[in-house]
Protein chains: 2
Amino acid sequence: MHVKNESSPYPLTELEGGALGVIQRVGAATAYQVKEWFSCSPSGYWSGSAGAVYPLMQRLEDRSLLASRNASETKRPKREFRLTPSGELAFSTWMRDVNQASDAGYDPLRTRLAFLVSLDKPAARSLLDEVELKTRAMASPLDDDYVRIIHESWRTMRLAWIAELKQHLG
Amino acid sequence: MHVKNESSPYPLTELEGGALGVIQRVGAATAYQVKEWFSCSPSGYWSGSAGAVYPLMQRLEDRSLLASRNASETKRPKREFRLTPSGELAFSTWMRDVNQASDAGYDPLRTRLAFLVSLDKPAARSLLDEVELKTRAMASPLDDDYVRIIHESWRTMRLAWIAELKQHLG
DNA sequence: CAGAGCATGTAAGAAGTTACATGATTGT
DNA sequence: ACAATCATGTAACTTCTTACATGCTCTG
């Protein structure tokens, strides 16, 4: 039976890697900041719910990938996390994990396309049209220039894909 | 407090929609067949683990979206599921759900790209190279022509995206 | 001074994961 | 006869979700 303890070098999940990434980018962050960063994503997977993020940060600290200090300067509590050296290493390893990075992930549009034959043509066309509109309308996330570039690049490819599928549909 | 009971018209999850989709496509299927169909996906999300699929099918039957009959012709048990009329409706509603269909989902490559600045250029380039290779090497799934077309179309767009990112990286 | 947003967290429940457990059937 | 695969399912555990709970701080 596998037991996750502090020293085990288990590969990080996407959420764990993402949290380390945010902290690495900004130097130091509170759980709240990580939560907000996640919430900016156009993906429901990065919902940034408190019930996911706070326990996550605690877990990462228990595994010594994060270290927290009290950064409160007023009466309001504030707990700031930084990467430990093991955390830096774990993040770098997660980033370069080709197997995980190559996974096709989870894509609601792609899933529906696999069953598109079971829709009549007008319905299929209308689905693609509406997804195209919503994709165009998606807000560009964050005030992080680099992330915005990636997002725009993703959006462009997405729209190209949808256009191609529409053409294929006739 | 929300309680999921048999009659509640809660939107289906991706896994639930996918299971209904498989059954709709093939007419009637066992949990095992659905499980195998899921396993053929290049995505870890569709892992098709028994612990996910068997309870899932049971849930869908409890909600009257599926009906099962004993299809065993030998000593080996065999339980075959079909869509009920409510199941057909639920599947169609799930297929046309534009909000869910437009969600950006979960994409390990995209996530890593958001943090790519924290890798040095050779590491970034090597990551993209290796993901490209793995994407090219991905098996075309299933003996379902339509699904294969969608998969190939996805792969093509994916490779185009990677090529563009590589160029952008210099 | 009220309301939005910052900041912490927990409790109950849903739905996955891995691993186990059992046995029938088919192909070599 | 043996292994692979078909076929069913469960048990323990992990980690998410929604909803609740609390209180501080800033802005209009």
Side-chain angles (χ1 to χ4, degrees), chain A residues 1-6 8 10-19 28-41 43-63 68-81 100 103 105-106, chain B residues 1-6 8 10-19 28-41 43-63 68-81 100 103 105-106:
Chain A
M1 190 76 83
H2 295 290
V3 176
K4 279 192 185 176
N5 60 55
E6 292 126 49
S8 45
Y10 282 99
L12 299 172
T13 66
E14 289 297 292
L15 237 47
E16 287 165 351
T30 64
Y32 187 81
Q33 276 175 277
V34 171
K35 178 176 120 66
E36 289 308 290
W37 211 94
F38 284 5
S39 302
C40 286
S41 164
S43 160
Y45 181 78
W46 300 94
S47 69
S49 71
V53 175
Y54 283 89
L56 170 68
M57 303 296 273
Q58 190 53 62
R59 266 184 341 253
L60 291 172
E61 185 168 32
D62 292 345
R63 286 194 232 165
S68 71
R69 68 174 192 98
N70 183 353
S72 174
E73 285 168 346
T74 60
K75 276 179 194 164
R76 183 198 295 178
K78 192 170 193 173
R79 199 171 149 203
E80 204 175 69
F81 293 89
Q100 253 185 275
D103 188 276
Y106 137 71
Chain B
M1 190 75 83
H2 295 290
V3 175
K4 280 194 185 175
N5 60 54
E6 292 129 47
S8 43
Y10 282 98
L12 299 171
T13 65
E14 289 296 292
L15 237 48
E16 287 164 353
T30 64
Y32 186 82
Q33 276 176 277
V34 171
K35 180 175 119 66
E36 289 307 291
W37 211 94
F38 285 4
S39 302
C40 287
S41 164
S43 160
Y45 181 78
W46 300 94
S47 68
S49 70
V53 175
Y54 284 90
L56 169 68
M57 303 295 275
Q58 190 54 62
R59 267 187 338 256
L60 292 173
E61 184 168 33
D62 291 345
R63 286 194 232 163
S68 71
R69 69 172 193 98
N70 183 352
S72 173
E73 285 169 341
T74 58
K75 277 179 195 166
R76 184 198 296 178
K78 192 169 193 172
R79 199 170 150 203
E80 203 176 67
F81 293 88
Q100 253 185 276
D103 188 276
Y106 137 72

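Below, chain A is the first sequence line, B the second, and so on; all start at residue 1. Computed from heavy atoms alone, side chains included, the values below leave out hydrogens, waters and symmetry copies. Everything numeric in this text was worked out from a predicted model, so none of it was measured.
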Rounded to the Å, how far apart are [X] [atom1] and [N] [atom2]?
X: A/E36; N: C/dA4; atom1: CD; atom2: P; answer: 16 Å
X: B/Q58; N: D/dG9; atom1: CD; atom2: P; answer: 7 Å
X: A/F38; N: D/dC16; atom1: CZ; atom2: C1'; answer: 13 Å
X: A/N70; N: C/dG9; atom1: CG; atom2: P; answer: 10 Å
X: A/L56; N: D/dT14; atom1: CG; atom2: P; answer: 15 Å
X: B/E14; N: C/dA15; atom1: CD; atom2: P; answer: 14 Å
X: A/Y45; N: D/dT17; atom1: OH; atom2: P; answer: 9 Å
X: A/R69; N: C/dA7; atom1: CZ; atom2: P; answer: 13 Å

Quick one: is [N] close enough that its OP1 or OP2 comes under 4.0 Å of any side-chain N or O from [X]?
X: B/R59; N: C/dG16; value: yes
X: B/T13; N: C/dA15; value: no
X: A/Y54; N: C/dG9; value: no
X: B/R76; N: D/dG9; value: no
X: B/T74; N: C/dA24; value: no
X: A/K75; N: D/dC24; value: no
X: B/Y32; N: D/dT8; value: no

Inset, instruction - Check whether any side-chain heavy atom of A/Y54 lies under 4.5 Å from a side-chain heavy atom of A/K35, and answer yes or no. - result: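 With C-beta onward as the side chain, the pair touches.
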
Inset, instruction - Look at all strands and tell whether B/L15 reaches a base, only sugar-phosphate, or nothing, counting heavy atoms closer than 4.0 Å. - result: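 Sugar-phosphate contact only - B/L15 comes under 4.0 Å of backbone atoms but never of a base.
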
Inset, instruction - Have a look at B/S47 and say if it touches a base, only the backbone sugar-phosphate, or nothing, with a 4.0 Å heavy-atom cut-off. - result: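 Since only primed, P, OP1 and OP2 atoms lie under 4.0 Å of B/S47, the category is sugar-phosphate.
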
Legend entry - Whether A/E61 side chain and A/Q58 backbone form a donor-acceptor pair below 3.5 Å: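 Side chain of A/E61 to backbone of A/Q58, a donor-acceptor pair under 3.5 Å: no, none is there.
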
Legend entry - A/S49 side chain, from C-beta outward: closest of C/dT25, D/dT17, D/dA7: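 My answer, after comparing the listed nucleotides, is D/dT17.
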
Legend entry - Gap between atom OG of B/S47 and atom CG of B/L15 - 0.5 Å precision: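 Atom-to-atom, B/L15:CG and B/S47:OG are 7.5 Å apart.
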
Inset, instruction - Fit a plane to each ring of B/Y106 and A/Y45, take the angle between them on a 0 to 90° scale, and name the class: parallel (under 30°), tilted (30 to 60°) or perpendicular (over 60°). - result: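 The rings of B/Y106 and A/Y45 lie parallel, inter-plane angle below 30°.
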
Inset, instruction - Return the 5'-most residue of the pair A/G51, B/K78 with respect to DNA chain D, ranking by each residue's nearest nucleotide. - result: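 Residue closer to the 5' terminus by nearest nucleotide: B/K78.
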
Inset, instruction - Evaluate side-chain contact (heavy atoms from CB on, under 4.5 Å) for B/D103 paired with B/E14, printing each intermediate quantity in order. - result: CA-CA 11 Å; B/D103 188 276; B/E14 289 296 292; over 6 Å; no

